[in-house]
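Worksheet: the structure to be examined is printed underneath.
Chain identifiers are assigned alphabetically (A, B, ...) following the order of the sequence lines, protein sequences preceding nucleic acid strands; residue numbering begins at 1 within each chain. Worth knowing before you read on, the calculation uses all heavy atoms, side chains too, and leaves out hydrogens, waters and symmetry mates.
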There are 2 protein chains.
Amino acid sequence: MEREHITLKDIAKVAGVSTATASLALAGDPRVNIKTKRNVEEVARRLKYVPNEIGRSLRAKKAETIALIFPNTPHNAFTHPYFVQLLEGITEILVQNGFHLLLSTSPTETDEAASYDLILKNRRADGIILWPASIKDSNILRIVESGYPVVYLGRWHHDDVLTVERDDFGGAYLATEHLLKAGRKRILHVTGPQSFQVSIDRLEGYKRALQDYKVLFEPQLVVEADYTMESGYEAITRAEQAAISYDSVFAGNDRMAIGAMKALQTLGRSIPGDVAVVGYDNIEMATMTHPTLTTIEQPMDVIGRIAAEKLIHKLTNKGTAEGIEDKQSVVPAKLVIRESCGGK
Amino acid sequence: MEREHITLKDIAKVAGVSTATASLALAGDPRVNIKTKRNVEEVARRLKYVPNEIGRSLRAKKAETIALIFPNTPHNAFTHPYFVQLLEGITEILVQNGFHLLLSTSPTETDEAASYDLILKNRRADGIILWPASIKDSNILRIVESGYPVVYLGRWHHDDVLTVERDDFGGAYLATEHLLKAGRKRILHVTGPQSFQVSIDRLEGYKRALQDYKVLFEPQLVVEADYTMESGYEAITRAEQAAISYDSVFAGNDRMAIGAMKALQTLGRSIPGDVAVVGYDNIEMATMTHPTLTTIEQPMDVIGRIAAEKLIHKLTNKGTAEGIEDKQSVVPAKLVIRESCGGK
DNA sequence: ATGAAAGCGCTAACAG
DNA sequence: CTGTTAGCGCTTTCAT
């Protein structure tokens, strides 16, 4: 069971050359005689030689690895649906470039700083992709502005920092515009907590669309909830009690939209007849409701891909796609039209 | 921006000792003088010294890292809902033990073998957790039976292999039993493709429960679908056309259960009045349907935790929890009672 | 075209 | 108690 690993030395010995030559031969260096090269390769293949990357890393001072760091805080939960998609995008690019992915959670919020530092300083990874926990985080600040190779998944107030962000403003604009174009004028916006940047941005997108379509913004048409389905349900109930009249709902996420639909159906309103509904996120559930939910999709796999490309570009200067040179990228959201808004 | 990393040598120089002493001092070796130790620690702290783990790994011949390998094949999609949970369980244990997690997808099926080998042979990780793609996979076979430190998430036909598996049989038994206890006798079982071991096991659990409760198994009450919501819908339609009578449905997963509920509602059957429904998986959506869906939960975080513990135990001989000594573990499923079956 | 030797950062055996 | 030395596996001058 205790298998000895065959090293370059073994190959060299068997092939009757020095390790230096063996190394060069396997690296395909043109200086080495073609016959020797063939021979070394033959031996390596026969002995199933696999280079030890730790040795190589030590020498090269790089690990060919990037780390994805995400704080495992409870309220991060509502971003979870995207996590797998993000991962898919990232891994796709990494695999293409022969990089590895180190996944790192910060166990507790206070340990975060340490965690970030370690990963980079201990040379386990050459760069990191940072999935933000909340709007402000002094720990993140340090690492992001330290000049280390970091891609931040969100907005950052400093132009030197590489970032990839989704377009919450634009997505909300799209959603609102869709309702406006369908002739709806009184759009109830169920927002998430306004302490989150996401919620603020989506509200702004909503406002801007109204403005562009010359519809007066009415503060009473904005009701705050907390991104859960239940809170979406209650938001409608509250609006009802307040006797607010509206012909459509734009919810800050799909869960709230689904809660809202339930509430509306309980109240006997038809969707989209009486009230049209748009959500945000395009979670799987949006395809299964009745009626199916029109919503905004955020291509998290694209975000992952761009982030990985940016980082690898910074690390290796090998650009793999266009636009990678830009420090900041905003990935546009997409309108996914289903039944809950009528039309097609 | 090109920061020089401070190494042990730097610490030693500044502290006026040899690197050996510095190393011992930082390792807390009792042989080194307390004053020297303090001094070295002082210097290390002041210079913000972080040991280079690559160097350490090379020396120690271990990476303090385990890899999670999962094949990124399309039909793996239906297992996705669990992936994040699994990850949570794994990382929790790894963090506790100071291990790192390397995530590895096999880009294509043919590359899998290579991918498995590499991770271990190139010494990037000390052990791996294997998330199986399909029932049979000759690539997996090699690595699992190679004697390398591997934990396989599923069943394996060889007793020496470390495995952690969920209990599909038991879960299906629970679901069926729940219906039987509620007085339902004609349980329609909507299965997934019988080419998957999951589907087979769940069908077996269903049969066994019937048998234990002295209810005759009727083959016509088993209809095969493909784990999508649409197929669940169609399964009911087909059963209807075949004029099969039933008073309840046990679906092989929640998606099909939801599809089935839709179909039943379209047909004017009340749930659970006319037909009780149980799903499997406890996806988030199960809490949002109307009525909410009674289902079976598989604690994937527990599976992840056990897998990580087993592996670390094998690697370090440090047992962190009971039952880790066992080569094989089966993690029991749990019945989650909601509205779709009536009762409470 | 090939080999000898140095060194990446760390630890451990052995002296002193 | 501390320093010297060697070596983990690899690559890369620098000689030959």
Need to verify one output field. Residue with the more 5' nearest nucleotide on DNA chain D, Gly55(B) or Val32(B)?
Val32(B)

Gap between atoms NZ and P, on Lys9(A) and dC10(D) respectively (whole Å):
10 Å

What does Ser57(A) touch in the nucleic acid at a heavy-atom separation under 4.0 angstrom: a base, only the sugar-phosphate, or nothing?
nothing

What pair of heavy atoms forms the shortest contact from Ile11(B) to Ala44(B), and how long is it?
CD1-CA, 3.7 Å

Would you please confirm or rule out a distance under 4.0 Å between OP1 or OP2 of dG7(C) and any side-chain N or O of Lys61(A)?
no

Ranking Thr19(A) and Ile34(A) by the position along DNA chain C of their nearest nucleotide, the one closer to 5' is Ile34(A)

Using whole Å, what does the distance between atom C1' of nucleotide dG9(C) and atom CG of Leu26(B) come to?
13 Å

Nucleotide nearest Pro51(A) (side chain, heavy atoms from C-beta), chosen from dA4(C), dC10(D), dC14(C)
dC10(D)

When you check the phosphate oxygens OP1 and OP2 of dC10(D), does a side-chain N or O of Tyr49(A) lie under 4.0 Å from one of them?
yes

Leu24(B) CG to dG16(C) P, in whole Å, measures 18 Å

What class does the angle between the rings of Trp131(B) and Phe83(B) fall in, given that below 30° is parallel, 30 to 60° is tilted and above 60° is perpendicular?
perpendicular

In whole angstrom, give the distance that lies between atom CG of Leu8(A) and atom P of dG3(C).
12 Å

From CG of Asn39(A) across to P of dT2(C) the rounded distance in Å is 10 Å

Can Glu309(A) and Arg305(A) be counted as an ion pair, charged N to O under 4.0 angstrom?
no

Asp29(A) atom CG is separated from dT13(D) atom P, nearest whole Å, by 11 Å

5'-most by nearest nucleotide on DNA chain C - Arg59(B) or Arg31(B):
Arg59(B)

Identify which nucleotide among dG9(C), dT2(C), dC10(D) has an atom closest to any side-chain atom of Asn33(A), counting heavy atoms from C-beta outward.
dT2(C)

For atom CG of Asp10(A) and atom P of dG9(D), their distance in whole Å:
9 Å

Give me the atom names and distance for the closest heavy-atom approach of Leu101(A) to Ala67(A).
CD1-C, 4.4 Å

Spacing between Leu58(A) atom CG and dA6(C) atom P, to the nearest angstrom
17 Å

Should Glu42(A) and Arg38(A) count as an ion pair when the cut-off is N to O under 4.0 Å?
no

Is there a side-chain polar atom (N or O) of Thr21(A) under 4.0 Å from OP1 or OP2 of dT2(C)?
no

Whichever of Thr7(A) and Ser18(B) has its nearest DNA chain D nucleotide further upstream toward 5':
Ser18(B)

Nearest to the Asn52(A) side chain among dA4(C), dC10(D), dG9(C), which nucleotide is it?
dC10(D)

Counting side-chain heavy atoms from C-beta on, which of dG3(D), dG3(C), dT11(C) comes nearest to Ala20(A)?
dG3(C)

